[in-house]
Amino acid sequence: MPSSAGATNFPPFRYSARLAADIESRWQDTWDAEGTYNAPNPAGPLKDVERLAGKPKAFILDMFPYPSGAGLHVGHPLGYIGTDVYARFKRMKGFNVLHALGYDSFGLPAEQHAITTGIHPRINTESNIANMRRQLRRLGLGHDARRSVSTTDEEFYKWTQWIFLQVHGAWYDTAQNRARRIEELVRECESGAHQLPDHRAWAEYSAQEKHDYIDSHRLAYLTDAPVNWCPGLGTILANEEVTADGRSDIGNYPVFKRNMRQWMMRITAYADRLIDDLDRLDWPEPIKLMQRNWIGKSEGARVSFTSSAGAIEVFTTRPDTLFGATFLVLSPEHPLVSAVTSADAAGAVAAYVAEAAAKADDERQDDSKVKTGVFTGAYATNPVTGKDVPIFIADYVLMGYGTGAIMAVPSGDQRDFDFARTYNLPIVATQMPPLSWFEQRNIAPSSDCSTWPEAFVGDGEYIDSANDSLSLNGLSSISDAKSRMNVWLQSNRHGEATTTYRLRDWLFSRQRYWGEPFPIVYDEHGNAHAVPQSALPVLLPELADFKPTTLDPNDADSDPIPPLARVKEWTTVTLDLGSGTREYKREVNVMPQWAGSCWYEMRYLDPTNADTFIDPEVERYWMGPQGEGHTGGVDLYVGGVEHAVLHLLYARFWHKVLHDLGHVSSEEPFHRLFNQGYIQAYAYRDARGQTVPATEVVEDNGTYSWNSETVSREYGKMGKSLKNIVTPDEMYEEFGADTFRLYEMAMGPLDASRPWNTRDVVGMQRFLQRLWRNVVSEDTGELVVTNEAPPEELLRHLHRTIAGVEADMDGLRFNTVIAKLIEFNNALTQHTTAVGTSPRALVEPLVQMLSPLCPHLAEELWNRLGHTTTVTYVPFPQADPALLKEDAIEVPVQVNGKVRGRISIAPDADDDAHIAAAMALDNVVLALEGKTPVKTIVVRGRTVNIVVK
RNA sequence: GCCCGAGUGGCGGAAUGGCAGACGCGACGGAUUCAAAAUCCGUUGUCCGUGAGGGCGUGUGGGUUCGAGUCCCACCUCGGGCACCA
């Protein structure tokens, strides 16, 4: 029925989903068979020097995907299509392009899946990867398949472990400002070149003391770090998995914040370089800002206040306001809390400390909450005023930042101001705010802070800031006042200028199974030793049960038993590490998922190298610095903003360590970064709050209904539970991959998030159908292209299009590329419809420009046009400047900024010609009637504006 | 709460400080058709006007400028990150 009706009328050679599927699978097979997208290396197993042929290189990279069990939805490939289009464009511009995709396949979801199903995570992970490869192959991405590595491959994680050993085997030399091999530190200790902290010589250190001293300098080191320990689940929890009242999200077990022995990475040693080198990266400014804020460098001072319990060191970023410090606040965890607390206050203080321990850090710092705190009953002395100031404890002060103690200057800090108001503490101004500050707040200027509604932060003249040997009075800049105060503090031994960072060292241990084992063993004294490189990889042992061992939920002092700890035959190992064959215990934690994603891009470059993680020559070619002062790194890195801080910071840190140790020539992993947006979707709920299938919802004038029941709409991610998933497979079925690719690129700028709307996809299919018809007859399948000379106007239009498309492609503005191609194709369609044929001189460049976006269709048309080789490496069309020049352009004429008409004028006409033409317009004459022109502004070729009174 | 970003027709969006709404969807009208689909052509921010034309319009309020979607200040709403999801 529908088939017979359709079959009789439907043109046999129309570009339909079925024809697209046929074209697409044929070309995908051809590309695979011919290795069309294989990129040659200058050395090593993938060496092919002939194909390098003096081309410039472009290393284009997508953020490392996790192979999810749910498969892809249409939101996932957005970035991959974007990089593919760009990579194809660069190939046509003569670049040797490397584009590949691997899998970040360790991690929690696979482990959770294994726990619930009992299926080994490797089996599950591999089938997920296979499914994702199938879905992506169908998209026609031009990836070099030989370079698709997975972090769970033994040959991959061997090198992750090797890099861990490099970090472990290094220390940071602050004098040279770089990492060096730990053996060099040992030699410097032995020779006396290294300054030891006590007065003894290295030779006087015991073997254990030497070991401890060296270990304490490593970039990977063991320490007691605070974690959320949940014995009821047997695991450590993320902050987000802990509820506000300190229990586990899952199971509602108690969670204890306590210290545990963990591997850490000394990323703080690189804080300055991680900040400074941002200046040399081509990254979006907001991302750089987020990294700078995350590292949180602040220059300030440590100031020592004397108290009954001894000196209390505070860190402040505003030493210039020390004269206004009217109380001190210690973190509840501060070691001096119990020593300073008076007998009277002891009860209240102990209760507050316990309460604070149960809160999460982010909750404690929530500035919207009322500040809480308790007076300790003790006082300290302000070193500049000599006055006694009360000591409080309050949970908004965190132990992990600065010294865990602050001097409170309520007149100059809003949190201190709130606290002072709550507890009736004195507020003393040390700076006079400018008049405008008072005006905005509708109060009379006064240095009496009782009239102030809030603290003043900014440059203002210093007042009441003097003692016998120091005066800041009359200064008006914060930095001048700071440096004068710092000099005074230093010379009077009350403190010193210092720099602190918000950045903390990186906690690197996970009490899990599905991760890289550490290449570390412990001797009978508990000392950690590196496994020799020859013993890598340290393979993950087989396991049948992946559950963490659960313990008594209320026993805060128990220790986690990670899955690996249960594999007795694995944990005990006999090795000769230089002191004879002995028995050692393996480290039973595993690395975090970040580890693999910190260096994977380098393995793409040399995926099969068995001798080294990457051949230095290969690294230099693809990632090396491109000139003096250039950091080197990936030429384009595309991924979501959600990785703005952590992944990008960790990867930069590892890269810098490898650079310092001489393993890589580049200083940074990712030279240019671009953040793609998200494709989101609408979801609908009925009156009971149940989600209903989004595809079945109908819209009528702003109201939505499902089964004639009104439903409410919400906007967010695609997800199974929201019943709003659309998959690429559905799009391949309904439209074909090229239409799907085109729609994803056309729906908005790559860096913006937008909602998916299947209904709109047909617009792109119609465009491709029109384009197809301009080349191939729908009825006969014959070419409709001839060698006729193209009309002048269309030729000009083509060259305007080429120029615009090239610029937009370079700027990753694929949505406007597509708009320009559609405009040109629409113009061509008019000609072709009228004449019956299309000029080859217009069709071929159009097909070439389309090919990065719709590679299958372009290959097919290119082939039908008589070409026998792939369109992939055909040079991109060039715009002819002679055809871009216009005889006359249209310029709007404004009167007082309002458009009153348009003039047509030569593009190189002078100001007077513009004005004369503008004044001659009827509508302008009308608008000027009875008014006096006072000024005329001409922006040549842009606008004429006549200002009248 | 803190840090970063975004708000433009019915919808997705376009616009080096210089003609707001390119291109696509939808809607409406026409051609074709026995009819429909498909295709092709046209209209489509809004209000006033038969028309030429004019008023108003880029989340809200202010400011800078001859001129502001674009720059500055404040506010509102939404999205991302906050260290064991990665």
Side-chain angles (χ1 to χ4, degrees), chain A residues 2 5-6 9-11 14 63-64 66 104 107-109 112 227-228 235-241 284-287 289-290 292-294 296 361-369 396 440 503-507 509-512 592-594 597 640-647 649-650 675 677-678 680 699 701-702 715-716 743 746-749 751-757 759-764 766-767 769-770 773 778 813 815-816 818-823 826 829-830 833 890-894 896-899 901-902 923 926 934-937 939 941-948:
Chain A
N9 287 329
F10 197 81
R14 170 159 298 174
M63 280 188 189
F64 211 23
Y66 179 78
D104 191 12
L108 209 45
Q112 302 289 24
V227 293
N228 301 309
T235 65
I236 310 285
L237 298 178
N239 285 338
E240 65 168 13
E241 296 170 310
E285 223 30 68
I287 303 298
L289 194 55
M290 282 164 85
R292 285 194 190 97
N293 290 342
W294 187 260
D361 275 6
D362 53 346
E363 188 192 351
R364 286 172 52 166
Q365 289 199 298
D366 187 339
D367 280 352
S368 66
K369 302 256 165 61
Y396 73 91
Q440 276 168 22
L503 180 70
R504 306 197 297 262
D505 276 342
W506 175 16
L507 181 65
S509 299
R510 297 293 183 273
Q511 295 69 35
R512 308 203 190 275
Q593 198 175 345
W594 304 113
S597 62
V641 260
E642 70 269 28
H643 297 294
V645 177
L646 295 178
H647 158 62
L649 210 52
Y650 293 154
N675 290 117
Y678 306 95
Q680 297 184 303
E699 190 244 325
N701 233 334
Y715 179 58
Y743 172 65
M747 61 197 292
D751 57 0
S753 296
R754 52 282 179 46
W756 177 263
N757 200 348
R759 207 176 57 172
D760 290 350
V761 181
V762 70
M764 293 304 115
R766 287 182 193 150
F767 160 53
Q769 286 175 338
R770 285 197 298 275
R773 267 201 301 276
E778 284 187 338
R813 295 184 298 270
N815 54 330
T816 52
I818 294 165
K820 288 178 172 89
L821 292 179
I822 291 174
E823 277 182 277
N826 286 349
T829 301
Q830 289 204 333
T833 313
E890 203 172 68
V891 173
V893 178
Q894 307 174 356
N896 281 353
K898 288 202 184 296
V899 177
R902 289 164 190 87
N923 215 25
L926 210 64
V934 288
K935 194 174 176 186
T936 311
I937 291 120
V939 184
R942 280 282 178 192
T943 192
V944 177
N945 188 11
I946 303 158
V947 185
V948 296

Remember a base hit wins even if backbone is also touched, and classify A:Trp294 as base, sugar-phosphate or nothing at under 4.0 Å, heavy atoms. base
Round to a whole Å and report the spacing from CD1 of A:Ile937 to P of B:U65. 13 Å
Starting at CG of A:Leu289 and ending at P of B:C4, how long is that distance when rounded to a whole Å? 5 Å
Tell me if the side-chain of A:Arg512 makes a donor-acceptor pair with the base of B:C84, cut-off 3.5 Å, by modelled atom types. yes
Closest to the A:Gln593 side chain, choosing from B:C4, B:C19, B:C85: B:C85
Does any nucleotide pair with B:A6 by Watson-Crick or G-U wobble geometry, both distances under 3.5 Å, and what is it? B:U77
Could you work out the separation of B:G51 and B:A15 based on their P atoms and round it to a whole Å? 33 Å
Side-chain contact test, heavy atoms from C-beta onward, threshold under 4.5 Å: evaluate it for A:Asn228 versus A:Glu241 and give yes or no. no
Under 3.5 Å, is there any donor-acceptor pair linking the side chain of A:Asn945 to the base of B:C66? yes
Taking the P atom in each of B:G17 and B:G30, what is the distance between them to the nearest angstrom? 45 Å
Is there a side-chain contact between A:Asp104 and A:Met63 in this structure, where contact means two heavy atoms from C-beta onward sitting under 4.5 Å apart? no
Enter syn or anti for the glycosidic conformation of B:G55, syn applying to angles within 90° of 0. anti
To the nearest angstrom, the CZ-P distance between A:Arg292 and B:C4 comes to 12 Å
Describe the nucleic acid contact of A:Leu646 in one word from base, sugar-phosphate, nothing, applying a heavy-atom distance below 4.0 Å. base
So, the side chain of A:Tyr743 versus the backbone of A:Gly763: is there a donor-acceptor pair under 3.5 Å, distance only? no
Working for side-chain contact (heavy atoms from CB on, under 4.5 Å), residues A:Leu821 and A:Phe767: CA-CA 9 Å; A:Leu821 292 179; A:Phe767 160 53; 4.1 Å; yes
Between C1' of B:C23 and CG of A:Asn815, the distance in whole Å: 9 Å
Tell me the interatomic distance from A:Arg942, atom CZ, to B:A20, atom P, rounded to whole angstroms. 13 Å
Between B:G59 and B:G69, how far apart are the P atoms? Round to whole Å, please. 10 Å
Counting the atoms with a prime plus P, OP1 and OP2 as sugar-phosphate, which does A:Glu642 contact under 4.0 Å by heavy atoms, base, sugar-phosphate, or nothing? base
Here's a test of your reading of the structure: between A:Val947 and A:Ile818, which maps to the more 5' nucleotide of RNA chain B? A:Ile818
Ignoring the backbone of A:Gln769, work out which of B:A15, B:U39, B:C84 is nearest its side chain. B:U39
Scan A:Met764 against the nucleic acid and name what it touches under 4.0 Å (heavy atoms): base, sugar-phosphate only, or nothing. sugar-phosphate
The nucleotide from B:A83, B:C66, B:G26 with an atom nearest the side chain of A:Lys935 is B:C66
I would like to know whether A:Asn675 and A:Asp751 meet side-chain contact (heavy atoms from CB on, under 4.5 Å); could you show each step before the answer? CA-CA 6 Å; A:Asn675 290 117; A:Asp751 57 0; 5.5 Å; no
Measure CH2/A:Trp594 against P/B:C84 and give the value in whole Å, please. 8 Å
Output the single nucleotide from B:C84, B:C25, B:C23 whose closest atom is nearest the side chain of A:Asn826. B:C23
Using side-chain contact (heavy atoms from CB on, under 4.5 Å), reason through A:Trp594 and A:Arg510 one step at a time and then give a plain yes or no. CA-CA 11 Å; A:Trp594 304 113; A:Arg510 297 293 183 273; 4.0 Å; yes
When you match A:Val761 and A:Phe64 each to their closest nucleotide on RNA chain B, which lands nearer the 5' end? A:Val761
With P as the reference atom in both, quote the distance from B:A38 to B:C28 in angstrom, rounded to an integer. 13 Å
Which value, in whole Å, describes the distance between the C1' atoms of nucleotides B:G54 and B:C4? 44 Å
Nearest-angstrom distance from the residue atom CD of A:Gln680 to P of B:G5: 18 Å
Nearest-angstrom distance, C1' atom, B:G10 to B:A27: 8 Å
Please confirm whether any donor atom in the side chain of A:Arg14 sits under 3.5 Å from an acceptor in the base of B:U39, or the reverse. no
Considering only side-chain heavy atoms of A:Ala819, which listed nucleotide, B:C19, B:C23, B:A83, is closest? B:C23
Nearest-angstrom distance, C1' atom, B:A74 to B:A22: 34 Å
Identify whether any heavy atom of A:Thr936 sits under 4.0 Å from a base atom; if not, whether one sits that close to sugar-phosphate; answer base, sugar-phosphate or nothing. nothing
B:C56, B:G12, B:A22: which one has an atom nearest the side-chain heavy atoms of A:Pro755? B:G12
A:Ile287 CD1 to B:A6 C1', straight-line distance once rounded to whole Å: 14 Å
Between A:Lys935 and A:Asn945, does the side-chain contact (heavy atoms from CB on, under 4.5 Å) criterion hold? Intermediate values first, please. CA-CA 8 Å; A:Lys935 194 174 176 186; A:Asn945 188 11; over 6 Å; no
Distance between the C1' atoms of B:C25 and B:C73, in whole angstroms? 38 Å
May I ask you to say what A:Pro109 touches in the nucleic acid, namely base, sugar-phosphate or nothing, with a heavy-atom cut-off under 4.0 Å? nothing
What contact category does A:Glu240 fall into here, base, sugar-phosphate, or nothing, at under 4.0 angstrom with non-hydrogen atoms? base
Nearest to the side chain of A:Met290, which nucleotide is it out of B:C84, B:G13, B:G80? B:G80
With both distances under 3.5 Å as the test, what is the Watson-Crick or G-U wobble partner of B:G12? B:C23
Side chain of A:Gln830 only, heavy atoms from C-beta on: which candidate in B:C19, B:A83, B:C41 is closest? B:C41
Among B:G26, B:C85, B:A20, which nucleotide has an atom closest to any side-chain atom of A:Arg766? B:G26
With a 3.5 Å limit on both atom pairs, tell me what B:G49 is paired to, counting Watson-Crick and G-U wobble, or say none. none
Check: B:C25 base within 3.5 Å donor-acceptor of A:Arg759 side chain: no
Taking B:U39, B:C85, B:G54 as options, the one with an atom nearest any side-chain atom of A:Ala238 is B:C85
Identify whether any heavy atom of A:Asn923 sits under 4.0 Å from a base atom; if not, whether one sits that close to sugar-phosphate; answer base, sugar-phosphate or nothing. sugar-phosphate
So, do A:Phe64 and A:His647 sit near enough that their side-chain heavy atoms are less than 4.5 Å apart? no
